[in-house]
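Keep in mind that the numbers below use all heavy atoms, side chains included, and drop hydrogens, waters and symmetry copies.
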There are 2 protein chains.
Amino acid sequence: MGVTKTQIFDQPQNELAQFFKILGHPARIAILQYISKQNACICNDLVEEIGLAQATISQHLKELKSIGLLKGEIEGKSMCYCINLDRWNELQQLLNSFFDTTKYNCC
Amino acid sequence: MGVTKTQIFDQPQNELAQFFKILGHPARIAILQYISKQNACICNDLVEEIGLAQATISQHLKELKSIGLLKGEIEGKSMCYCINLDRWNELQQLLNSFFDTTKYNCC
DNA sequence: TTTTAATATCGCAATATTACGATATTAAAA
DNA sequence: TTTTAATATCGTAATATTGCGATATTAAAA
């Protein structure tokens, strides 16, 4: 099939999985890391820096935006993509809460 | 294409993405949560609990094992799947280190 | 106003993932 | 030894993801 049966899981499970999933691509990790160390976070740099086609980078940026991790502001002809720090911390907390709550073993 | 170009990223980036990716499925989240709250973590329960076919559950378990998050011990006819606590904590730390290191914004 | 530059979107091809039935495999139970 | 129960693996169908060229779109520059 290839369809994740989201309907049999609850919303927190689906949401958490979605966050993990979007972080689960090396290009998106690299994009976040690169943006974080730039002062001027212009998308065009990313194409050269990461080494993927412009269309591909744009797609990855869109996905990172979809979970709120990036915010983009138009700056003349360019875009200024930045990490949304509030969301970033929120997400980190959510993941930690998952790790903290889910770690009792039985063997 | 559909092929992730892993060769253009470095090992830490690929590894981190791989961890995120494997956590990025609601069934695997649910499996971890269920195992963590059981005393007896027998796989057969999971099929009823999660609501996916036995073959599918087995496949998800295999992926969780692949990043070391689960360890399985044979217990008679059954398997006792448990969270590998050392690995669990190690991974939590790795993800936190990513979040902590990568959060400077520019806007 | 035309050109240029930066980014987004569309449409596709290639590959990956998800799910499951069917079929091993393995060890206890009968 | 045969049966039963639990799990793993194989093969396959359906869908998702990745990546990119081509083509919008948009705003500054010429």
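- Distance, B/I22 CD1 to C/dT17 P: 9 Å, rounded to whole Å.
- The number of heavy-atom neighbours closer than 6.0 Å to CD of B/E48, taken from other residues, nucleotides and ligands shown, is 12 or below.
- Listed nucleotides C/dA19, D/dT18, D/dA8 differ in distance to B/K65; the shortest reach to its side chain belongs to D/dA8.
- Considering only the side chain of B/H25, C/dA19 comes nearest among C/dA19, D/dT9, C/dT7.
- Across all strands shown, B/A53 has heavy atoms under 4.0 Å from sugar-phosphate atoms exclusively, and none from any base.
- Both key distances under 3.5 Å define a Watson-Crick or G-U pair, and stretches of 3 or more such consecutive pairs in DNA chain C run C:1-30 with D:1-30.
- Put simply, NZ on A/K5 is 14 Å from C1' on D/dA13, counting in whole angstrom units.
- Ring orientation note: the planes of A/W88 and B/F98 are tilted relative to one another, at an angle of 30° to 60°.
- At whole-Å resolution of the value, CD in B/E63 and C1' in C/dT17 are 8 Å apart.
- Phosphate proximity of D/dA8 to B/Y81: present, with a side-chain N or O under 4.0 Å from OP1 or OP2.
- Between B/I50 and B/T56 there is no side-chain heavy-atom pair separated by less than 4.5 Å.
- Straight-line distance from the CG atom of B/L46 to the P atom of C/dC20: 14 Å, rounded to whole Å.
- Looking at A/Q13, its side chain does come within 3.5 Å of a backbone N or O of A/D10 through a donor-acceptor pair.
- A/Q54 contributes no side-chain N or O that forms a donor-acceptor pair with the base of C/dA6 under 3.5 Å.
- Checked by atom type, the side-chain pair B/Q92/A/N96 shows a donor-acceptor distance below 3.5 Å.
- When each of A/L16, A/N14, A/I22 is tested with A/Q18 by the rule side-chain contact (heavy atoms from CB on, under 4.5 Å), just one qualifies, namely A/I22.
- Atom CG of A/L64 is separated from atom P of C/dA8 by 12 Å (rounded to the nearest Å).
- Each of A/G51 and A/I74 has a nearest nucleotide on DNA chain D; the 5'-most of these lies closest to A/G51.
- Here the side chains of B/F99 and B/L94 are not in contact, with every heavy-atom distance at 4.5 Å or above.
- Counting to the nearest Å, the P atom of D/dA8 and the CG atom of B/L61 are 7 Å from each other.
- Dashed line: the shortest gap from a side-chain N or O of B/T56 to OP1 or OP2 of C/dA19 is not under 4.0 Å.
- When the P atom of C/dT18 is taken as reference, atom CZ of A/F9 falls 11 Å away, rounded to whole Å.
- In this structure, the nucleotide among D/dC20, C/dT18, C/dT9 sitting nearest to the side chain of A/S58 is C/dT9.
- Side-chain nitrogen and oxygen atoms of B/K21 include none within less than 4.0 Å of the OP1 or OP2 phosphate oxygen of D/dT17.
- At a threshold of 4.0 angstrom between heavy atoms, the contacts of A/I57 with the nucleic acid are absent.
- A straight line from NZ of B/K77 to P of D/dA6 spans 6 Å, rounded to a whole angstrom.
- Checking the phosphate oxygens (OP1, OP2) of D/dG19, a side-chain nitrogen or oxygen of A/H60 falls inside 4.0 Å.
- Between A/H60 and A/H25, the ring planes are tilted. Angles from 30° to 60° get that label.
- Checked against C/dA6, D/dA8, C/dA16, the side chain of B/M79 finds its nearest nucleotide in D/dA8.
- For C/dT7, one of the phosphate oxygens OP1 or OP2 lies less than 4.0 angstrom from a side-chain nitrogen or oxygen of A/N44.
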